[in-house]
Protein chains: 2
Amino acid sequence: MKKIVKKNSYTAIGLMSGTSVDSIDASVVGVNLIGDHVSIKTMANITYPIPDCIRKEIFTLFKDSSGSLRRMAALNIRLGNLFAEAVLELLKNTGLKPEDIDVIGSHGQTVYHVAEPLELCGEEVRGTIQIGEASAIAQKSGIPVVSDFRTADVAAGGSGAPLVPFLDQILFKDMSKNTAAQNLGGIGNVTWIPKEGEGVVAFDTGPGNMIIDALVSIYTRGKLKYDKDGAIGKRGKVIDNLLNKWMEHPYLKKSPPKTTGREEFGGRFLEEELKDIKANADIIRTAEEFTAYSIADSYKRFLPEEPEVVIVTGGGVHNSVIMDSLKKHLPRSIVEKGEDYGIDSDFKEAIAFALMGLWTILGKINNVTAATGAEHEAVMGKVSYP
Amino acid sequence: MKKIVKKNSYTAIGLMSGTSVDSIDASVVGVNLIGDHVSIKTMANITYPIPDCIRKEIFTLFKDSSGSLRRMAALNIRLGNLFAEAVLELLKNTGLKPEDIDVIGSHGQTVYHVAEPLELCGEEVRGTIQIGEASAIAQKSGIPVVSDFRTADVAAGGSGAPLVPFLDQILFKDMSKNTAAQNLGGIGNVTWIPKEGEGVVAFDTGPGNMIIDALVSIYTRGKLKYDKDGAIGKRGKVIDNLLNKWMEHPYLKKSPPKTTGREEFGGRFLEEELKDIKANADIIRTAEEFTAYSIADSYKRFLPEEPEVVIVTGGGVHNSVIMDSLKKHLPRSIVEKGEDYGIDSDFKEAIAFALMGLWTILGKINNVTAATGAEHEAVMGKVSYP
């Protein structure tokens, strides 16, 4: 066993592939631990492309059709090799050597998430599957890898999501303002950090970019994968009837802790919605409004107070239609971007998993039970050695 | 990170659930390490039943039909909880406390194994999936758990099987006789340890009890799950035509390293064979002969010399029809049982994973590349902390 020498300063890599399966986000961060105080400095980020062939295989896997286990078994290794390439590229770009890195925290690629407990042979259980074999990454990079974070929280009776509140709590606990850290990935999620620092609330707010991205892809016949700076949405108008109907989605009214995903706002949602209407700029604009409105609505329903500051991260931060709509719906909050606090919006999740992986090898608790609803704290993650 | 203090003596638990999915085998072993010498003492074994409901769910999963990912995600947690129960039962029976145990090595339940490399987006990859969430076991037992051994060997370009030669090599390297360690689980597998100690060969010989068990279950309409002491087989006669046809199975002629499983000698094999004939004592006798004959035939084809000693372990050791047939086909070998060497035949695999898990937390190589065909050595397994 590689002995971890306890020290004050560590270097960790985080790897993430989100619901859109465009690319692997890889970040390398320096972490200083002095007593209770944690400071994080991003050293470098890269976006490593996921080849179309692999992306298609993963989307086929999402369908959970016959032959999924065979496909998943092989894709797990193939994708692990791709994650390893991303690490090697990051090392090359930065001039860092494997021995400079203490640990890699790898989220992997979610291919299934059972958000609601189901009865199975006398027990209520959830479940979650991430692929991208960690031992492939460890062997090819020569660095210990921590993976499989969500399953540990699920085993502890939690939803296995959201996990990023772990980072939010560390980053924003000294703000002395009621703060909402809002991420806009495929799904939207918020962490509420009250000015007292204690009493974190976190949940998935609903759709992030998932519906918008899918509509843009249909509308442009695959030419565009997302609405760059809201350019398409700006040309459209909100269809009020549709927005109001979408806002009736039962997920939005459910009390936290709660979590959602592709199962609720992915393919099936769109298939249903596009039965009678065609993708166009108005519908894309409506989807953007839906994301912003559902976020603001969830704050009113489920946060103890209106946030003084909302710090937005994730890909959606670059979509000014969403950002403007958020400001409109949250008139009493200051809406800022992660960048204003030194966090690259696009790499927040990768940074979170770097820190989470470091916590695992240090034997420290890294689930936020208030966010996931887990029955007990846990050291999430499994360690693979090179 | 729980620091492993290097010492000479460890206590480890091994957990295994095989292709028949009857029960979880759990063993606790004491391991002494003095220089290169390893001695293993089994302290206790238990067989923890797998409830019918869970067994059925796993068999449904084997079909790899639509909805498998959802089923697998939830079963992974449910089965992890069951493995945890087995550990608690073992501790209760022995009076051992969690802090007495250094590590649990858990094989889990294989639900898919891609034995032959397939081309996937420009790379040749294999794949393997074991379930029975290790973090559930770690959290409920309070003991670090090592899981997911096979994927690491697959990531290293190997078949991920067989893994038990790791134990055979350690147990029999000082025999000073050409030794074949033959296991008779669902599948048969052999490890050849030459009298010089170096030059191990290992491969799956073909069917073990898998075909016999399935036939017995059909024949007795589910009343019996295996042919106890060969009682049914003894009443039957070998059907030479059928045996000769089965012996033509292409797997048996393939050169090692090679590995097989349910995909080749499971449901589909039987469906094909039982199209025209009904399960009866003659067919069961023929399946028993097939197991023994295919083993002896594989020794002649693929071992450098005829073994002086054959040490048989696994459930098949209790079937005297198989054992007598093996002796008949190997007239120049002494055929013995694991028990003659202090190894409980029924728990060899569990013991192997206890030792493999210990090797993982000690950072020691635990794959046998000559057996799996891996391109390089690896520290297999992922560590989950309580």
Side-chain angles (χ1 to χ4, degrees), chain A residues 1-4 51 53-54 57 61 63-70 72-78 80-81 111-114 118 120-123 125-129 133-140 147-148 151-156 360-363 376 378-386, chain B residues 1-4 51 53-54 57 61 63-70 72-78 80-81 111-114 118 120-123 125-129 133-140 147-148 151-156 360-363 376 378-386:
Chain A
M1 165 171 262
K2 241 178 132 171
K3 214 160 71 183
I4 284 288
C53 172
I54 296 180
E57 290 282 345
L61 202 50
K63 292 182 191 150
D64 196 11
S65 50
S66 165
S68 289
L69 296 186
R70 179 180 171 80
M72 191 191 108
L75 256 183
N76 176 46
I77 303 292
R78 184 65 187 85
N81 291 343
V111 296
Y112 208 89
H113 190 79
V114 182
L118 52 89
L120 186 65
C121 301
E123 286 184 12
V125 288
R126 291 189 182 90
T128 186
I129 311 174
E133 180 51 36
S135 54
I137 309 171
Q139 290 170 15
K140 289 184 162 59
S147 61
D148 244 3
T151 47
D153 184 78
V154 168
T360 309
I361 62 164
L362 295 174
H376 56 80
V379 179
M380 299 186 298
K382 299 190 177 88
V383 190
S384 297
Y385 295 99
Chain B
M1 166 171 262
K2 241 178 130 171
K3 215 159 75 184
I4 284 289
C53 173
I54 297 180
E57 289 283 346
L61 202 50
K63 291 181 192 152
D64 195 11
S65 50
S66 166
S68 288
L69 296 185
R70 179 179 171 80
M72 192 191 107
L75 256 184
N76 177 46
I77 304 291
R78 183 66 187 84
N81 291 343
V111 296
Y112 208 90
H113 190 79
V114 182
L118 52 90
L120 185 64
C121 300
E123 285 185 11
V125 289
R126 289 191 183 88
T128 186
I129 310 174
E133 181 51 36
S135 53
I137 309 171
Q139 290 169 15
K140 289 184 162 57
S147 62
D148 244 1
T151 48
D153 185 76
V154 168
T360 308
I361 63 164
L362 295 174
H376 55 82
V379 179
M380 300 185 297
K382 299 190 177 88
V383 190
S384 296
Y385 294 100

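A note on names: the letters A, B, ... follow the listed sequences, proteins ahead of strands, and every chain is numbered from 1.
Taking chain A as the reference chain and counting heavy-atom pairs below 4.5 Å, the highest number among B/Ser135, B/Ala378, B/Gly381 is found for B/Ser135. Put simply, of A/Val125, A/Ile137, A/Leu75, the one with the most heavy-atom pairs under 4.5 Å next to chain B is A/Val125. With chain A as partner, the option from B/Val111, B/Asn81, B/Val114 having the largest number of non-hydrogen pairs under 4.5 angstrom is B/Asn81. Between chain A and the residues B/Asn76, B/Thr128, B/Leu69, B/Ile54, the most heavy-atom pairs under 4.5 angstrom are made by B/Leu69.
Across every non-hydrogen atom of A/Glu133 and B/Ala155, the tightest pair is CG-CB, 4.4 Å. Considering all non-hydrogen atoms of both residues, B/Gly127 and A/Ile77 come closest at CA-CG1, 4.2 Å.
Interface remark: B/Leu61 contributes backbone and side-chain atoms alike to the contact with chain A (heavy atom separation under 4.5 Å). Only the side chain of B/Leu118 comes within contact range of chain A, with at least one heavy atom under 4.5 Å from a heavy atom of that chain. Heavy atoms closer than 4.5 Å to chain B are found in both the backbone and the side chain of A/Ser384. If you measure heavy-atom distances from B/His113 to chain A, you find no contacts under 4.5 Å at all. Proximity to chain B is absent for every atom of A/Lys63, based on heavy atoms less than 4.5 angstrom apart. At a 4.5 Å heavy-atom cutoff, the contact between B/Thr151 and chain A is made by backbone and side-chain atoms alike. At a 4.5 Å heavy-atom cutoff, the contact between B/Val379 and chain A is made by backbone and side-chain atoms alike. When heavy atoms are compared at a cutoff of 4.5 Å, A/Glu123 approaches chain B by way of both its backbone and its side chain. Both the backbone and the side chain of A/Arg70 come within less than 4.5 Å of a heavy atom of chain B.
Residues passing the side chain to side chain contact (heavy atoms under 4.5 Å, CB included) test with B/Asp153, sequence neighbours excluded: B/Asn367, B/Thr372, B/Ala374, B/Met380. In this structure B/Asp148 satisfies the salt bridge (charged side-chain N to carboxylate O under 4.0 Å, His left out) test together with B/Lys382, sequence neighbours excluded.
A donor-acceptor distance shorter than 3.5 angstrom exists from the side chain of A/Asp64 to the backbone of B/Ser68, with no hydrogens or angles considered. Between the side chain of B/Arg78 and the main chain of A/Cys121, a donor-acceptor pair closer than 3.5 Å is present.
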